[in-house]
Protein chains: 2
Amino acid sequence: MKNKQKQVQLRDVQDVIEIIGGRWRGAILASLCDRQKRFNELKRDLGDITPRTLTKELKYLEVNKLIIRNAEEGASNAVTYRLTEHGESLEPLIGAIVTWGQKHRKMILS
Amino acid sequence: MKNKQKQVQLRDVQDVIEIIGGRWRGAILASLCDRQKRFNELKRDLGDITPRTLTKELKYLEVNKLIIRNAEEGASNAVTYRLTEHGESLEPLIGAIVTWGQKHRKMILS
DNA sequence: AAAGTCAGTATCTTTTAGGATACTTTTAGA
DNA sequence: TCTAAAAGTATCCTAAAAGATACTGACTTT
């Protein structure tokens, strides 16, 4: 494989990791793989995320077209978040991450 | 699936992303998937990483048993880095990341 | 009608990641 | 023998990520 090809691969890795990276984004996406959820539901799932951070990360994921924010008409306090098709395409990847984590996490984080 | 199980999955995701996350770690690992490499070789592969950062990240990966640093006897300026078995077990995951990136990167980072 | 829940905002502060730049020591090559 | 490369270290600095804490306005439940 040519060298230029490899560079591109490295950039792919960097970009993907930027998208799902950070402390929360991957976990938020993983949580939404299960089913669509509401703000506070996510907040509870994620444990000790602060609302400020959750808002910010959700906005990021929305801007990058991985999730959709849906505020139901009239009821301003009923908001759901769900994956876009794009977001759903991440499922196998997230699955692979979980699987690897289950096998190897403990050996590494001693 | 029970709720506790799901929490664990989220933590798996968070932990794995911490390990391969950040701007460089994933790319370093991806570069070493190819074959073992030396410090400056990695530096060139990665483009604009500073030596300070590269040193730091390599040390992190070594401590976490994903790579091995090998300084050849006597020759203090011949150092190679390669994946451990643990590190090699990440290959499919990194492959999946690259594949997803190739398909979806452009649509997201407009 | 009061209390609680939902979906956030607003500030402020701390922590961490990572860049810029210059320097060093050992070894290899011309 | 002089020069260059390899493999880093040492300082200093900035920007971004994320926590702590308090607050708000809309709606629901009792």
Side-chain angles (χ1 to χ4, degrees), chain A residues 10-11 13-32 35-64 66-82 109, chain B residues 10-11 13-32 35-64 66-82 109:
Chain A
L10 297 193
R11 298 208 38 190
V13 171
Q14 288 183 304
D15 286 349
V16 174
I17 284 178
E18 187 187 327
I19 288 167
I20 66 169
R23 185 161 172 194
W24 299 111
R25 296 213 270 265
I28 290 170
L29 290 167
S31 177
L32 290 176
R35 56 178 170 75
Q36 76 176 113
K37 286 185 183 158
R38 299 175 56 166
F39 188 87
N40 279 313
E41 204 171 357
L42 282 167
K43 194 151 131 23
R44 278 187 295 267
D45 274 16
L46 295 165
D48 53 1
I49 194 173
T50 63
R52 172 186 180 277
T53 300
L54 182 54
T55 302
K56 248 191 37 188
E57 299 301 339
L58 287 170
K59 206 158 282 171
Y60 176 93
L61 292 172
E62 197 193 353
V63 167
N64 287 284
L66 293 169
I67 65 172
I68 289 170
R69 176 186 185 278
N70 200 291
E72 268 151 60
E73 282 296 312
S76 84
N77 64 350
V79 179
T80 57
Y81 294 91
R82 62 188 162 83
L109 306 171
Chain B
L10 297 192
R11 298 208 39 187
V13 171
Q14 289 184 303
D15 286 349
V16 173
I17 285 178
E18 187 188 327
I19 290 167
I20 68 170
R23 184 163 172 195
W24 300 111
R25 295 211 270 265
I28 292 170
L29 290 167
S31 177
L32 290 176
R35 55 178 171 73
Q36 75 177 113
K37 285 183 184 159
R38 299 176 54 165
F39 188 86
N40 280 312
E41 204 170 356
L42 282 167
K43 194 150 131 25
R44 279 187 295 268
D45 274 15
L46 295 166
D48 53 359
I49 193 171
T50 62
R52 172 185 179 276
T53 299
L54 182 53
T55 304
K56 249 190 36 185
E57 298 302 340
L58 287 170
K59 205 157 282 171
Y60 176 94
L61 292 172
E62 197 194 354
V63 167
N64 287 283
L66 292 168
I67 66 172
I68 289 169
R69 176 184 184 281
N70 199 293
E72 267 150 61
E73 281 295 313
S76 85
N77 64 349
V79 179
T80 56
Y81 294 90
R82 61 186 164 83
L109 304 171

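Per chain, numbering begins at 1; letters A, B, ... match sequence-line order.
In terms of phosphate contacts, A:Tyr81 brings a side-chain nitrogen or oxygen within less than 4.0 Å of OP1 or OP2 of C:dG8. Under 4.0 angstrom from either OP1 or OP2 of C:dT16 there lies no side-chain N or O belonging to B:Tyr60. Contact between the side-chain N/O atoms of B:Lys59 and the OP1/OP2 oxygens of D:dA7 is not found at any separation under 4.0 Å. In terms of phosphate contacts, A:Thr55 brings no side-chain nitrogen or oxygen within less than 4.0 Å of OP1 or OP2 of C:dG8. Of the side-chain N and O atoms in A:Arg38, none sit less than 4.0 angstrom from OP1 or OP2 of C:dG8. Between A:Thr53 and the phosphate of D:dA18, there is no side-chain N or O to OP1/OP2 separation shorter than 4.0 Å. In this model, the phosphate group of D:dG8 is approached by a side-chain N or O of B:Arg69 to a distance below 4.0 Å at OP1 or OP2.
Residues A:Ser31 and A:Asp45 have side chains that bring a donor and an acceptor to within less than 3.5 angstrom of each other.
A salt bridge is defined here as a Lys NZ or Arg NE, NH1 or NH2 lying under 4.0 Å from an Asp or Glu carboxylate O, and B:Arg52 with B:Glu57 fails to meet this definition. For B:Glu72 and B:Arg38, the salt-bridge test fails: no basic side-chain N is under 4.0 Å from an acidic carboxylate O.
Taking only side-chain atoms of A:Val79, from C-beta outward, the nucleotide of C:dG19, C:dG8, D:dA5 with the closest atom is C:dG8. Comparing atom distances between the B:Thr50 side chain and each of D:dA7, C:dG19, C:dG8 picks out C:dG19 as nearest.
In this structure, A:Leu54 atom CG and D:dA17 atom C1' are separated by 15 Å, rounded to whole Å. When rounded to the nearest whole Å, the span between CG of B:Leu58 and C1' of C:dA17 equals 16 Å. Atom pair A:Asn70:CG and C:dC6:P shows a separation of 18 Å (rounding to whole Å applied). If you take CH2 of A:Trp24 and C1' of D:dA16, they are 17 Å apart, rounded to a whole angstrom. Whole-Å rounding puts the B:Ile28 CD1 to C:dA17 C1' distance at 13 Å. Atom pair B:Lys56:NZ and C:dG18:C1' shows a separation of 6 Å (rounding to whole Å applied). Computed from coordinates, the B:Gln14 CD to D:dA17 C1' distance equals 14 Å when rounded to whole Å. Between the CZ atom of B:Phe39 and the P atom of C:dT27 there is a distance of 17 Å, given to the nearest Å.
When heavy atoms are screened at a 4.0 angstrom cut-off, B:Glu57 is found touching the sugar-phosphate backbone but no base atom. Across all strands shown, B:Arg25 has no heavy atoms under 4.0 Å from either base or sugar-phosphate atoms. Using a 4.0 Å heavy-atom distance criterion, A:Arg52 is classed as a base contact.
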Could you go through the side-chain contact (heavy atoms from CB on, under 4.5 Å) check for B:Asn64 and B:Ile19 one step at a time?
CA-CA 8 Å; B:Asn64 287 283; B:Ile19 290 167; 5.5 Å; no
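Nearest-nucleotide positions on DNA chain D for B:Glu41 and A:Ile49 put B:Glu41 closer to the 5' end.
Residue B:Thr80 is tested with B:Glu41, B:Gln36, B:Arg69 for a side-chain hydrogen bond (donor to acceptor under 3.5 Å, both in side chains); the sole match is B:Gln36.
Residues A:Ile20 and A:Leu66 are not in side-chain contact: their nearest non-hydrogen atoms beyond the backbone lie 4.5 Å or more apart.
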